[in-house]
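Heads up: the structure comes next, in structure tokens.
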Amino acid sequence: MSVEASGPVIIITGTPGTGKSTHAQRLVEESPVPLQHINVGDWVKEKGWYEEFDNEWQSYTADEDKLIDELEPIVAGGGVILDWHTCDAFPERWADLVVVLRCDHSQLWKRLEKRNYPLKKIQENNEAEIMQVVLEEARESYPPEIVVELKSESAEDLEANIARIVDWIVVWKKERASGA
Ligand SMILES: Nc1ncnc2c1ncn2[C@@H]1O[C@H](COP(=O)(O)OP(=O)(O)O)[C@@H](O)[C@H]1O
């Protein structure tokens with residue numbers, strides 16, 4: 001992002017149910033710089049940035065061109081967390097940090113069951129987590145030094161992850177202040 005940005009752009013990604021929104025909400029509360037949490041899936045639905053509703057998968061197919069155009073000016077200002085189950089649609093230049101959350105598949109299955117997802121959608125997501133689809137996608141889309149894989153299976157994991165990301169933001173802020 002530009003040197004004028006007030007805060008970093010952090011992408012939090014991972015299979016649905018791995019804990020993206022939970023992490024993003026905590027970061028908004030604990031970050032030393034103001035961060036706006038953008039739940040991209042919710043925005044797609046609420047703002048109509050989709051091509052269709054896929055009945056089979058019970059999900060909206062995002063209009064990615066529209067999504068990128070609409071998010072561009074917001075992201076340009078910095079200080080945002082982009083929370084989405086995919087990350088390869090975003091331009092590489094947007095991201096300062098890409099966090100990929102991971103979760104054991106049997107635990108993930110239970111989390112998705114609680115959401116009353118159709119069985120097929122639970123199976124598909126579970127398989128994607130086992131095959132580390134989102135992690136591979138992140139590694140293919142961004143430089144390795146900004147992609148971090150974090151386990152999100154317990155409250156301890158959550159605390160450790162938040163502390164680690166906050167530490168990273170502190171360093172980001174110092175580097176910006178010194179013009180590094
Ligand atoms: N590290 C964690 N340990 C235990 N439960 C978690 C953890 N992260 C998320 N959860 C739980 O898993 C469910 C899905 O989390 P959520 O943040 O909505 O996932 P996502 O945004 O990736 O779909 C929620 O019930 C949340 O409380």
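All values below come from the heavy atoms of this structure, side chains included, with hydrogens, waters and symmetry mates left out. Start at 1 and go down the list; that is how both ligands and their atoms are numbered. These numbers were taken from a predicted model, which means no experiment stands behind them.
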Sub-4.0 Å atoms of ligand 1 with respect to non-hydrogen atoms of Arg115: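 In order of number, 14 (C), 16 (P), 18 (O), 19 (O), 20 (P), 23 (O).
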What are the atoms of ligand 1, with element, lying closer than 4.0 Å to any heavy atom of Thr22? 9 (C), 15 (O), 16 (P), 17 (O), 26 (C)
Counting only N and O atoms by type, is there a donor-acceptor contact under 3.5 Å from the side chain of [X] to the main-chain atoms of [Y]?
X	Y	value
Tyr142	Arg93	no
Asn126	Leu108	no
Asp96	Val9	yes

Using heavy-atom distances, let me know which of Ser21, Ser154, Gly14 sits nearest atom 2 (C) of ligand 1.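 Looking at heavy atoms only, the winner is Ser154.
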Given Lys114, His23, Glu153, Arg111, which has its nearest heavy atom closest to atom 10 (N) of ligand 1?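 Ranked by closest heavy atom to atom 10 (N) of ligand 1, first place is Arg111.
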Sole candidate of Lys151, Glu129, Gln107, His23 that passes side-chain contact (heavy atoms from CB on, under 4.5 Å) when paired with Thr18: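 That would be Glu129.
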At what distance is the nearest protein heavy atom to atom 8 (N) of ligand 1, and which residue and atom is it?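 The closest heavy atom on the protein side is Ser152 OG, 3.2 Å.
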Would atom 24 (C) of ligand 1 count as contacted, meaning some protein heavy atom under 4.0 Å? no
Protein non-hydrogen atoms only, distance under 4.0 Å: does atom 18 (O) of ligand 1 have such a neighbour? yes
Please confirm whether Ala155 approaches ligand 1 to less than 4.0 Å, judged on its heavy atoms.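 Right, Ala155 reaches ligand 1.
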Separation between OG1 (Thr22) and CG (Asn161), nearest 0.5 Å, reads 11.5 Å
Taking atom CZ of Arg115 and atom NZ of Lys110, what is their separation to the nearest 0.5 Å? 16.0 Å
Does any N or O atom in Gly19 lie less than 3.5 angstrom from one in ligand 1, N or O only?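 For ligand 1, there is an N or O atom that lies under 3.5 Å from one belonging to Gly19.
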Is there a side-chain contact between Lys66 and Glu70, using heavy atoms and a 4.5 Å cut-off?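 Lys66 reaches Glu70 side chain to side chain.
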